[in-house]
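Reviewing the structure listed below.
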Amino acid sequence: MLNRAFLLAFALLALTGCDQVAGKLGLENPAQKEAKNDAEGRAVGSACRHSGRAIEDCYAIYGWLPKSSIYAGWREMDEYMRDNKLETIAPQLPPPEPPGTKKKRPATATEAAAEATKEAPPAAEDKNEARSEGGKH
């Protein structure tokens with residue numbers, strides 16, 4: 001009797017996570033996936049318009065989202081901003097890289113210091129000395 005109760009509880013627990021498991025395996029319901037992509041596209045389009053990005057840039061950056069959703073969000077935000085006389089806000093971060101591109105490994109403090117010393121421009125005195133010696137630049 002105890003085994004049956006345990007088995008029933010385990011089955012119920014396993015079934016509650018089916019949506020999450022199916023999502024991880026790429027077995028999502030097509031209607032749910034389309035609705036999710038539509039909502040994300042609208043949000044991205046709105047954010048692009050609010051940050052002053054051109055619609056073409058949004059299409060290029062977020063190529064995996066439906067263009068129609070991006071445009072709908074961009075257009076809605078444009079109307080909202082015009083009605084409420086809002087100004088664009090300059091983005092503080094660079095745009096994200098499209099999926100499938102390799103991400104750079106963040107540099108450690110010692111690597112960053114080494115790069116800074118390599119790229120340091122020559123001092124102004126060195127430039128003046130080179131010019132006085134007859135070097136043409």
Side-chain angles (χ1 to χ4, degrees):
M1 186 69 169
L2 186 59
N3 286 339
R4 283 187 179 173
F6 178 72
L7 186 59
L8 181 63
F10 180 74
L12 288 175
L13 182 64
L15 289 176
T16 59
C18 282
D19 291 339
Q20 294 174 356
V21 171
K24 295 288 182 187
L25 295 174
L27 304 173
E28 292 182 81
N29 181 356
Q32 287 178 337
K33 188 173 182 177
E34 185 177 333
K36 179 183 167 189
N37 282 344
D38 183 58
E40 286 182 8
R42 286 178 180 265
V44 163
S46 294
C48 283
R49 173 58 186 103
H50 193 245
S51 66
R53 283 205 170 102
I55 190 74
E56 294 83 8
D57 293 342
C58 289
Y59 291 155
I61 295 169
Y62 301 97
W64 66 93
L65 293 172
K67 289 183 179 182
S68 59
S69 299
I70 293 174
Y71 177 71
W74 195 93
R75 189 182 69 225
E76 289 170 5
M77 181 56 83
D78 186 56
E79 289 175 19
Y80 180 81
M81 290 176 70
R82 287 175 194 258
D83 292 345
N84 295 304
K85 297 179 176 73
L86 298 175
E87 297 295 322
T88 59
I89 296 179
Q92 301 297 315
L93 298 174
E97 294 182 23
T101 57
K102 290 188 176 184
K103 294 181 181 178
K104 291 184 179 178
R105 178 178 55 87
T108 62
T110 54
E111 290 173 346
E115 286 293 323
T117 56
K118 285 182 187 176
E119 296 176 4
E125 297 170 0
D126 295 339
K127 288 181 182 177
N128 290 336
E129 289 175 7
R131 286 187 185 146
S132 64
E133 293 174 3
K136 295 182 181 179
H137 294 283

ask   = Under the side-chain hydrogen bond (donor to acceptor under 3.5 Å, both in side chains) test, which residues partner Asp57, sequence neighbours left out?
value = none

task = Could you walk me through whether Thr88 and Arg49 pass the side chain to side chain contact (heavy atoms under 4.5 Å, CB included) test, one step at a time?
result = CA-CA 8 Å; Thr88 59; Arg49 173 58 186 103; 3.3 Å; yes

Name the atoms and distances for all side-chain donor-acceptor pairs under 3.5 Å in residues 66-75, with sequence neighbours left out.
| unit_1 | atom_1 | unit_2 | atom_2 | d |
| --- | --- | --- | --- | --- |
| Ser69 | OG | Asp38 | OD1 | 2.5 |
| Trp74 | NE1 | Arg53 | O | 3.3 |

request  = Work out which heavy atom in Leu65 is nearest to a heavy atom in Val44; give both atom names and the distance.
outcome  = CD1-CG2, 3.7 Å

ask   = Hydrophobic clusters join Ile, Leu, Val, Met, Phe, Trp and Tyr when side-chain heavy atoms are under 4.5 Å apart, directly or via other members; which others share one with Met81?
value = Met77, Tyr80, Leu86

ask   = Would you say Glu34 has more than 12 foreign heavy atoms packed within less than 6.0 Å of its CD?
value = no

